[in-house]
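The next block holds one structure in the form of structure tokens; read it before the comments.
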Amino acid sequence: MAAAVLVHGLYHRPEHFAVLAERLRTAGTEVFVPELHRGSLHADTAAVQAVIDALPEPPIVLGHSYGGSVITGVCGAGHLVYLAAFVLDADESAASLGGTSPQLKDAIIPEPDGSTSLHPGRAIDALYGDCPEPLAARAVGLLRAQAPGCGRGVPQRHSWKKTPSTYVVCAQDRAIDPGLQRRMASRCTDVREWQTGHSPFVGQPDLIVELLRELLATTTPPSGNVRVTTTR
């Protein structure tokens, strides 16, 4: 069975995927969760590429939010999963596509060194509003400051054009506009739509476990045959 590589978004850490990773490992899947925050999209992509290059088989690579910008630039993945994530084309960046909600914008706090952080209370509403309170509080406690510029990075390659891909639209997302998600999802091989907020790996990790195990066990439909599945 191929491995899974989980790629977090801005302000997040690998620890945000701890429950998801443990459940996948318990189910028999080898899981890798690289640390980003390397200072640029190029450096973040290189960190994930190093993990992929070290594996004996092409893994499933999941990117959440900004993590979609990262996985767009890798090569050697067996399948790409965009979870409420950015699917970028030529000369596009996450910042240029927009879609950031007013709630998330209001949560951003500029720091004296040029980095930004998130206001804890406002971050709960934007990122974890549909999650049980103890889980949301833990997730907010793990958030870290973000260096400037990563969201303006432009990928050097566009792996979704050659690699099978699945987009998960989070229809109750308060961080990235679901309408933008659906437009980006049209670039992918397969589309799923879940009635969740921005971070189902916190509130409903079993949805992701089920999806990844399905993809690990089955052949992805050919490009062009887009199937939309709604989960309520």
Side-chain angles (χ1 to χ4, degrees), residues 5-12 34-53 58-105 107-108 110 114-116 118 126-127 145-170 173-193 198 220 222-226 228:
V5 179
L6 310 179
V7 182
H8 63 78
L10 297 181
Y11 304 102
H12 284 68
E35 175 83 53
L36 301 186
H37 301 287
R38 307 300 176 110
S40 69
L41 175 60
H42 177 72
D44 288 342
T45 302
V48 176
Q49 188 66 61
V51 173
I52 295 171
D53 291 344
I60 286 184
V61 182
L62 178 148
H64 173 248
S65 198
Y66 162 78
S69 301
V70 176
I71 71 171
T72 291
V74 303
C75 61
H79 196 106
L80 302 169
V81 179
Y82 290 89
L83 177 62
F86 288 96
V87 186
L88 303 179
D89 207 339
D91 300 320
E92 291 180 346
S93 68
S96 71
L97 288 183
T100 302
S101 70
Q103 293 99 315
L104 185 56
K105 289 179 180 177
I108 297 174
S115 66
T116 58
L118 295 180
L127 301 176
Q146 178 66 50
C150 292
R152 295 190 294 274
V154 176
Q156 296 180 340
R157 61 172 61 90
H158 304 92
S159 56
W160 55 268
K161 294 184 177 181
K162 295 183 178 180
T163 304
S165 57
T166 296
Y167 197 102
V168 178
V169 176
C170 293
D173 201 324
R174 297 178 182 174
I176 298 177
D177 178 18
L180 173 61
Q181 291 184 44
R182 294 183 183 102
R183 292 194 294 275
M184 294 187 291
S186 68
R187 298 172 173 176
C188 294
T189 309
D190 182 31
V191 182
R192 313 293 176 98
E193 184 156 325
H198 188 62
T220 304
S223 179
N225 295 335
V226 176
V228 179

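Heads up: numbering here begins at 1 and tracks the sequence. Just so you know, these numbers come straight off a predicted model, no measurement behind them.
Summarising the geometry, atom CG belonging to D44 is positioned 3.5 Å from atom OH belonging to Y66; distances are rounded to the nearest 0.5 Å. Here the CZ-CE distance, from F86 to M184, works out to 5.5 Å after rounding to the nearest 0.5 Å. Residue S69 holds its OG atom at 8.0 Å from CG of L97, rounded to the nearest 0.5 Å. Note that the NE2 atom of H158 and the CG atom of L88 stand 7.0 Å from one another [nearest 0.5 Å]. Note: Q181 CD to E193 CD = 8.5 Å, rounded to the nearest 0.5 Å. Between L80 atom CG and D190 atom CG the span is 12.5 Å, to the nearest 0.5 Å.
Of the residues listed (L62, V61, T166), the one engaging H79 in a side-chain contact (heavy atoms from CB on, under 4.5 Å) is T166, and it is the only one.
Y167 approaches C188 most closely through the heavy-atom pair CB-SG, 3.9 Å. The two residues A47 and R38 come nearest to each other via the heavy atoms CB-CZ, 3.7 Å. The minimum heavy-atom distance between Y82 and S159, with the atom names listed, is OH-OG, 4.4 Å. Nearest heavy-atom pair across G68 and T72 is O-OG1, 2.8 Å. In terms of heavy atoms, H37 sits closest to H12 at NE2-O, 2.6 Å. Contact between I176 and L180 at its shortest, heavy atoms only, is CG2-CD2, 4.4 Å.
With no hydrogens or angles considered, a side-chain donor-acceptor pair links Y11 and T116 at under 3.5 Å.
A donor-acceptor contact shorter than 3.5 Å links the side chain of Q49 to the backbone of C75.
No more than 12 heavy atoms of other residues, nucleotides or ligands sit less than 6.0 Å from atom NE2 of H42. Other residues, nucleotides and ligands place no more than 12 heavy atoms under 6.0 Å from the CG atom of D91.
Between H198 and H64, the two ring planes are tilted [angle within 30° to 60°].
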